[in-house]
Engineer: 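I am attaching a structure below and will ask some questions about it afterwards.
Both backbone and side-chain heavy atoms feed into the values below; hydrogens, waters and symmetry mates do not.
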2 protein chains.
Amino acid sequence: MATDCRTCPLRKWPIFDPLTEAEISFMETFKSGELAITGGATLMMEGSNSPQLFTVLEGMGLRYKTLPTGERQVINFVFPGDFLGLQAGVMSEMQHSVEATTPMRLCVFDRKSLWSLFEGHPDRAFDLTWIAAVEEHLLGESLAIIGRMSGLERIARAFVRLYERGTAQGLVKDNEMPLPYKQHDLADALGLSLVHTNKMLTRLRELGFASWQGGRLKVLDYAALCELAQLESDRAQVTRPLI
Amino acid sequence: MATDCRTCPLRKWPIFDPLTEAEISFMETFKSGELAITGGATLMMEGSNSPQLFTVLEGMGLRYKTLPTGERQVINFVFPGDFLGLQAGVMSEMQHSVEATTPMRLCVFDRKSLWSLFEGHPDRAFDLTWIAAVEEHLLGESLAIIGRMSGLERIARAFVRLYERGTAQGLVKDNEMPLPYKQHDLADALGLSLVHTNKMLTRLRELGFASWQGGRLKVLDYAALCELAQLESDRAQVTRPLI
DNA sequence: CGATCGCTTGAGCTATCTCAACCGGCGTGG
DNA sequence: CCACGCCGGTTGAGATAGCTCAAGCGATCG
C-alpha cells in the first residue's frame, strides 16, 4: 500500500494545483475528445444516461436538480478542473442536470475508459473514489449551511468558498474574480428566495464585505466575510489524501 | 468491460437485498473483526482519522456534523447494511461524526484492505465508488428537501424514505417499524427547530398520515404521505448499476 | 422602438423560531 | 420505597426572518 502522495490529475481537482505535463499526457491516453459548448447549454440532463464523462477545462456552470413542483435546487457551482458525470458513469443515470453558464471547453472521456481505469490503474481508480468522497463531504457541508445558517451567513459562506476556489484556480486578481451566475442561481443554491437573496447581497455590499455585480465578485473584507461565514480565515482546505 | 449485474455485497447496500453465502464469505476475507457498541456511543469523530471501516450488521445510528456555533446538522440516519468510514478511508479524516442511537454490531475492515480491494478486485473497488456516488446522490436530494420544502413536507419526505429503507431491511411489520431517534435528531436532520418539528409531527398524526412515538414509526396513509413528500408512491428506488 | 431579462425596492403576510412553562416516566440516591 | 432531578416530549405566546406579490428600472437585443 503506497503511502506517499503521488501526483494525480484526478486528485488535483479539489486541491486546485495546475496539472503537470506528465499528468496531462496520462489523461490524454483516456481522453476521447474535446467538447466546446455555448453558455446556457445543458450538458447533462437529470435522468439521462450520458455515455461520457468530462473534465472542465474552461468556463463555468452549475449542477441542479429540478423538483416536481418545478423549483430548482442548485447542487453546486462548476469550476474549471471539476469532474462531471461520475454518477452517470457509475450509477445508471445522472441524478442532476449540468448547465453551462458561460461557454465551456471540456475534456471528454468515454465511460468505458472508466472501467479500464479500475482494471488497470487502481491508484487512479482510488482517486475517483476520493473525488466522490470529497464531493460527498462538500454536500454534507452545504446541507449544514442551508439547514442551520441565516440568509446573510449563507451568502457569506458561499462567497468565501467560491473565492477560495477562484483563488486556487488563479481566477482572482485584485480581490476580484469572475462569477458568471445570476442572483437567481445563488438563491436556488442557498435555498433562499430571489428577493431575499437580493436584499442580503445589498446588505453585504453596504457592510463593505463583498460586492457581486456584473458577473464579478469583489471581496472587500475577507476576514469579516469569514467570520460571518463561521469559517477560519486561514482557509482550511480539504486535506490531501493519505494513500 | 462487464455489463451484467453481478452479485456484490458492497453494492447491495442501497439495494437492500440480503447477502448470499458467497458474498458473505467474500466479505469475510476482508473482515478484520466484529465490533459491538452500546447505544449512545460515538463510533467516529469528526476530524478523527479512524483506521477502520465498518459495515453495520445491526442497530441504528446517525451521522452528523457539529457547527462552530455548537449546532448540529444530522447528515443522515444509519441503518443496517450501511457502509461507514469511506471518507476516513479515502480522505485523511472523517468530516462528520457517527453515533449509535441503539446498541450496534459492526463488521470491521482495516483501511489497508481498502487498498488491496483497489489493487486486486477492481469490480469491488468499483462498487465502493458506486456507494460514494449513491451517497452523493442522496445528499443532493436532502439538499433539495431542506432547501425547498416546508416543515410538514420535509417530515413526510423523511418518513417515506425511512419507511422505504425499513421495508427493504425487513424491519417493517404491520406498517410499523423501529425508528429509535429523538425528535431532536429529526429536527437536526431537517433543519427545523425542535418545537416546530414537534408541532408538525402532531399535525401529521392528527391528519392520520403517520405517527411516530415510543421509537416506532407507524405509517397510516402511505399514499397521502407520498403526496405530501412529493414522491411517487410506487417507491422509485435507486436503480442498479450498469457495469 | 418595444420586449425581454436581470436586478432592485416596497409592503404585507406567515412559517418558523425562540423563550418559557409544564408534564410524565424513569433512574438514582437517600 | 419515596422523592428528586433529568430527559424527552408537548404546548402556548410573541417575535422575526424570509416569503410572495407587485411594481419599476436600466440594459440588451431583435
Engineer: Would A:Phe109 and A:Phe54 count as a close aromatic pair, with their ring centres under 6.0 Å?
Structural biologist: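 No; A:Phe54 has its ring centre 6.0 Å or more from that of A:Phe109.
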Engineer: Using a cut-off of strictly less than 4.0 Å, decide whether B:Arg205 has a side-chain nitrogen or oxygen near OP1 or OP2 of D:dT10.
Structural biologist: yes
Engineer: CG of A:Leu186 versus C1' of C:dT8: gap in Å, rounded?
Structural biologist: 16 Å
Engineer: Measure NE2/B:His196 against C1'/C:dT14 and give the value in whole Å, please.
Structural biologist: 11 Å
Engineer: On DNA chain D, check which nucleotide each of A:Leu152 and A:Val195 is closest to and give me the residue with the more 5' one.
Structural biologist: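 Closest to the 5' end, via its nearest nucleotide, is A:Leu152.
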Engineer: Describe the nucleic acid contact of B:Gly191 in one word from base, sugar-phosphate, nothing, applying a heavy-atom distance below 4.0 Å.
Structural biologist: sugar-phosphate
Engineer: Working to the nearest 0.5 angstrom, can you tell me the gap between B:Thr197 OG1 and B:Leu152 CG?
Structural biologist: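 Reported value, rounded in 0.5 Å steps: 11.0 Å.
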Engineer: For A:Arg148 and A:Lys199, find the nucleotide of DNA chain C closest to each by heavy atoms; which residue's nucleotide sits nearer the 5' end?
Structural biologist: A:Lys199
Engineer: When all nucleic acid strands are considered with a 4.0 Å heavy-atom cut-off, which category describes B:Leu194: base, sugar-phosphate, or nothing?
Structural biologist: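 The residue B:Leu194 makes no contact with any strand.
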Engineer: Under 6.0 Å between the ring centres of B:Tyr222 and B:Tyr163?
Structural biologist: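 Ring centres of B:Tyr163 and B:Tyr222 closer than 6.0 Å.
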Engineer: Once you round it to whole Å, what is the distance between C1' of C:dA15 and CZ of B:Arg154?
Structural biologist: 10 Å
Engineer: How long is the line joining CG of B:Leu190 and P of C:dT16, in whole Å?
Structural biologist: 11 Å
Engineer: Can a side chain N or O of A:Gln213 be found less than 4.0 Å away from OP1 or OP2 on C:dT8?
Structural biologist: yes
Engineer: Can you measure B:Ile146 atom CD1 to C:dA15 atom P for me and round it to whole angstrom units?
Structural biologist: 20 Å
Engineer: For a quick check of understanding: with a heavy-atom distance under 4.0 Å over all strands, which category does A:Leu201 fall into, base, sugar-phosphate or nothing?
Structural biologist: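 If one applies the 4.0 Å heavy-atom cut-off, A:Leu201 turns out to touch nothing in the nucleic acid.
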Engineer: Output the distance between atom CE (A:Met104) and atom CG (A:Asp82), rounded to the nearest 0.5 Å.
Structural biologist: 8.0 Å
Engineer: May I have the distance from B:Asn198 (atom CG) to C:dA15 (atom C1'), rounded to whole angstrom?
Structural biologist: 16 Å
Engineer: Report the residue (A:Thr197 or B:Thr202) whose heavy-atom-nearest nucleotide on DNA chain D is the more 5′ of the two.
Structural biologist: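 The 5'-side residue here is B:Thr202.
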Engineer: Rounding to an integer number of Å, can you tell me how far B:Glu71 CD sits from C:dC17 C1'?
Structural biologist: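 Between C1' of C:dC17 and CD of B:Glu71: 11 Å.
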Engineer: Would you kindly give the CD-to-P distance between A:Gln183 and D:dG18, to the nearest whole Å?
Structural biologist: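 In whole Å, D:dG18 P lies 16 Å from A:Gln183 CD.
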Engineer: Under a 3.5 Å cutoff, is there a donor and acceptor pairing between the side chains of B:Thr69 and B:Glu71?
Structural biologist: yes
